[in-house]
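Residues: numbered from 1 along the sequence shown.
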Amino acid sequence: MSGNSQFPKNWTPQEGLISHLEEQDKTVAFSMSEKRIFPPPEAFARQATIAGMDQYLALCAEAESDHEAFWARRAREQVLWHKPFTRTLDASRAPFYRWFDDGELNVSYNCLDRHLGTPVEHKTALIFEADDGTSTRITYGELHRRVCRFANGLKSLGHVKGERVIIYMPMSIEAIVAMQACARLGLTHSVVFGGFSAKSLQERIVDAGATLVIAADGQYRGGKPLPLLPAVHEAFELGGCEAIRHVVVYKRTGAEVGWDARHHWMHDLEKGQPDVCEPEWVDAEHPLFILYTSGSTGKPKGVQHASGGYLLHAMLTMKWTFDIKPSDIFWCTADVGWVTGHTYVAYGPLAAGATEIVFEGVPTFPNAGRFWDMIARHQVSIFYTAPTAIRSLIKASGTDPATHPGRYDLSSLRLLGSVGEPINPEAWVWYHTNVGGGRCPIVDTFWQTETGGHMITPLPGVTPLVPGSCTLPLPGIATAIVDEAGHDLPNGTGGILVVKKPWPSMIRTIWGDPERFQKSYFPTELGGYYLAGDGAVRNKDTGYFTITGRIDDVLNVSGHRMGTMEIESALVANPLVAESAVVGRPDDLTGEAIVAFVVLKGARPTDAASAAKVAQQLRDWVGKEIGPIAKPKDIRFGDNLPKTRSGKIMRRLLRAIAKGEAITQDTSTLENPAILDQLKQPL
């Protein structure tokens, strides 16, 4: 089932949404009551890859009637196979599913070689903009030659198919060269975000059993050089990294580096190597990469993705979700250290033959107009970023009007995207109005490290948009909402988001820990469904999904279940508030109490009386927006929220602060560690 069989007969989204507006569902505590609808622009719809709702529903029906045949057809149409597959899905060891496993391919070949001898060979593949604004362009042909030279260099060091490689680099052409070269040789890479500490790096080296580290000497962020290689050496000193035979270093900042016989400069390794490197043909289930993500136990989980199914989903979603055209300039702002940077920087755009932006810097340097300036200069047509970035830029444009997107020529944009977390409706509308000029659809994409690519998302030119809703699942993605026993819940009732059928780009296992994989993602009580770990509610008329937050972010206050996202959205809808994060803490009376951490658009109140006054205004506001039960018991103000350098809010730290516990977690990845002391102060 593709997730659409509950629609009324002859249903259309517009009719369903109008019905929804006429009869709001008041029964679900965390159901969103958004009333604004944004139909697909007619001009966009006329040229969209998926030509209207009829085609979308036809694709869903095809997937529902024969799930395997649906995916087999797409795999044969999209992927270049060295050896065609004859078996689509092996479910004999479920949930350890295998897709296209007797077929052979190479991911790098599908991203680069497929374009040789076509006009794309001479097209710009990457536009790299450095922190200081310097731009470098590289064509597909040039990128292919660089990847081949570097792959040949790695072969000269004796690294062979099946070994694991840690990549610890800033956003750069070289990072993509490294990832593509690993894929070319059948080396399984694990990219570690450049903001992670030496301890985090050491844990990943040890867990993956890596034999090679590809790093940079440093990176530039906000006009400052920051070292990277010293963290590699510190990781080695922590122990357990004895399997590392070589360290290849990209010379970025020119910082002094410690050196031994294992070390090689990247440019020296490439020098004199042939421009051609025959790809290593691997079976479709060969591990393309391991990407570590946080787990509830605090120990990172190595999410393992296979080559064939992952590549297929990256290619399909570039076409379906982003409606990619040959003339597009595509910009995903995510770092390659995260899955978004894997799928929609390193692999998907290149397999699609797109021209894309790769950005080293931060959105607030030299000022908060950096994103808008780059869009204007590079004529970006598709822009994909995170709600956290949007909210921070909303605040910045309020204090410095010169950085408001309205001051820049953003007429090249035709499509906007949101990724990483649910986007609150007010930020959505600001993004749509001020960045997209009211003419650009927004694809509010729900997916995870584990899913490999988009799962629930609007299709531009097809889906009427509702701010805050990721709308409908992609064809072939059998999403549903169930209770704790795996029973389907009716539309209009909030519950647990699951995927009922396997899909090609799904996680294959947790590296080295199959038991944890099965327990975390396919718990027996859910009857074999994939557990997304998120709560969701589905509109009873349209079937539109709204993600309410992680299951552990659903609060139970006096027996009422409420999603933290809804409370956060209500707070941010207040004109005083720029950003908020909501967590729960134990409460003797109500079971759980709501604690809100708030960043105001104006100055933070510094005296108790002023803070109490603003807090009461916000409590009353939330009470009006959602109901008295949703009023935060504790509101704390800060100049910002504790975030990693990638912009992710560290909610575990906020939970510890709310409970009055000592913070024992590693805070080395925080962009702003000083904010913790500020947020510890109650009213």
Original post:
Just one of T317, T333, T321 clears the side-chain hydrogen bond (donor to acceptor under 3.5 Å, both in side chains) bar with Y344, so which one?
Top reply: T317
Original post:
According to the interplanar angle, ranging from 0 to 90°, do the rings of H189 and Y347 count as parallel (below 30°), tilted (30 to 60°) or perpendicular (above 60°)?
Top reply: parallel
Original post:
Looking at side-chain heavy atoms only, is the closest gap between I290 and T188 below 4.5 Å?
Top reply: yes
**OP:** Answer with yes or no after comparing the ring centroid distance for F289 and Y310 against a 6.0 Å cut-off, counting only values under it.
**Re:** yes
Original post:
Who pairs with F446 by ring pair (Phe, Tyr, Trp, His ring centres under 6.0 Å), at least two apart in sequence or on another chain?
Top reply: none
Original post:
When you check the side-chain N and O atoms of Q448 and D534, is any donor under 3.5 Å from an acceptor?
Top reply: yes
**OP:** Could you tell me which non-hydrogen atom of C182 sits nearest to which non-hydrogen atom of I167, and how far apart they are?
**Re:** SG-CD1, 4.3 Å
Subject >> Geometric class of the F193/F196 ring pair [parallel <30°, tilted 30-60°, perpendicular >60°] >> reply: perpendicular
**OP:** Classify the side-chain pair D639/Q678 by whether it contains a donor and acceptor separated by less than 3.5 Å.
**Re:** yes
**OP:** Could you verify whether a donor N or O on one side chain and an acceptor N or O on the other, from D207 and Y292, lie under 3.5 Å apart?
**Re:** yes
Subject >> Pairs flagged by ring-ring contact (aromatic ring centres under 6.0 Å, His included) wherever residues 141-188 is involved - sequence neighbours left out >> reply: H159-H246
Original post:
Looking at D275 and R149, does any basic side-chain N land under 4.0 Å from a carboxylate oxygen?
Top reply: yes
Original post:
How far apart are the closest heavy atoms of A255 and D217, and which atoms are they?
Top reply: N-OD2, 3.4 Å
Subject >> ring pair (Phe, Tyr, Trp, His ring centres under 6.0 Å) against F365, all qualifying residues, sequence neighbours excluded >> reply: none
**OP:** Would you mind checking if E174 and K251 are paired as a salt bridge, meaning a charged N to carboxylate O distance below 4.0 Å?
**Re:** no
Original post:
So, do K199 and E234 sit near enough that their side-chain heavy atoms are less than 4.5 Å apart?
Top reply: no
**OP:** Answer yes if the side chains of D260 and H263 hold a donor-acceptor pair under 3.5 Å, and no otherwise.
**Re:** yes
**OP:** State whether R651 and E568 are salt-bridged, where the test is any N-O pair (Lys NZ or Arg NE/NH1/NH2 against Asp/Glu carboxylate O) under 4.0 Å.
**Re:** yes
Original post:
In terms of side-chain heavy atoms, does H305 have a donor or acceptor partner in H313 at a distance below 3.5 Å?
Top reply: no
Subject >> Sub-4.5 Å side-chain heavy-atom contact between L641 and V599 >> reply: yes
Original post:
Hey, are R655 and E661 close enough for a salt bridge, meaning a charged N less than 4.0 Å from a carboxylate O?
Top reply: no
**OP:** Could you pull out all residues at least two apart from P523 that satisfy side chain to side chain contact (heavy atoms under 4.5 Å, CB included)?
**Re:** E525, L526, L531
Original post:
Residues in salt bridge (charged side-chain N to carboxylate O under 4.0 Å, His left out) with E270, at least two apart?
Top reply: R146
Subject >> Partners passing ring pair (Phe, Tyr, Trp, His ring centres under 6.0 Å) against Y530 (at least two apart in sequence or in another chain) >> reply: W503, Y521, F522
**OP:** Check whether any side-chain N or O of T340 sits under 3.5 Å from a backbone N or O of A334 as a donor-acceptor pair, and report yes or no.
**Re:** no
Original post:
Among side-chain atoms of E421 and T388, is any donor-acceptor pair under 3.5 angstrom?
Top reply: yes
Original post:
Less than 4.5 Å apart, any side-chain heavy atom of S108 and any of P279?
Top reply: no
Subject >> R252/E360 salt bridge by N-O under 4.0 Å criterion >> reply: yes
Subject >> Salt-bridge present (R184, D113; N to O < 4.0 Å) >> reply: yes
**OP:** Determine whether the side chains of Q304 and T509 contain a donor N or O and an acceptor N or O closer than 3.5 Å.
**Re:** no
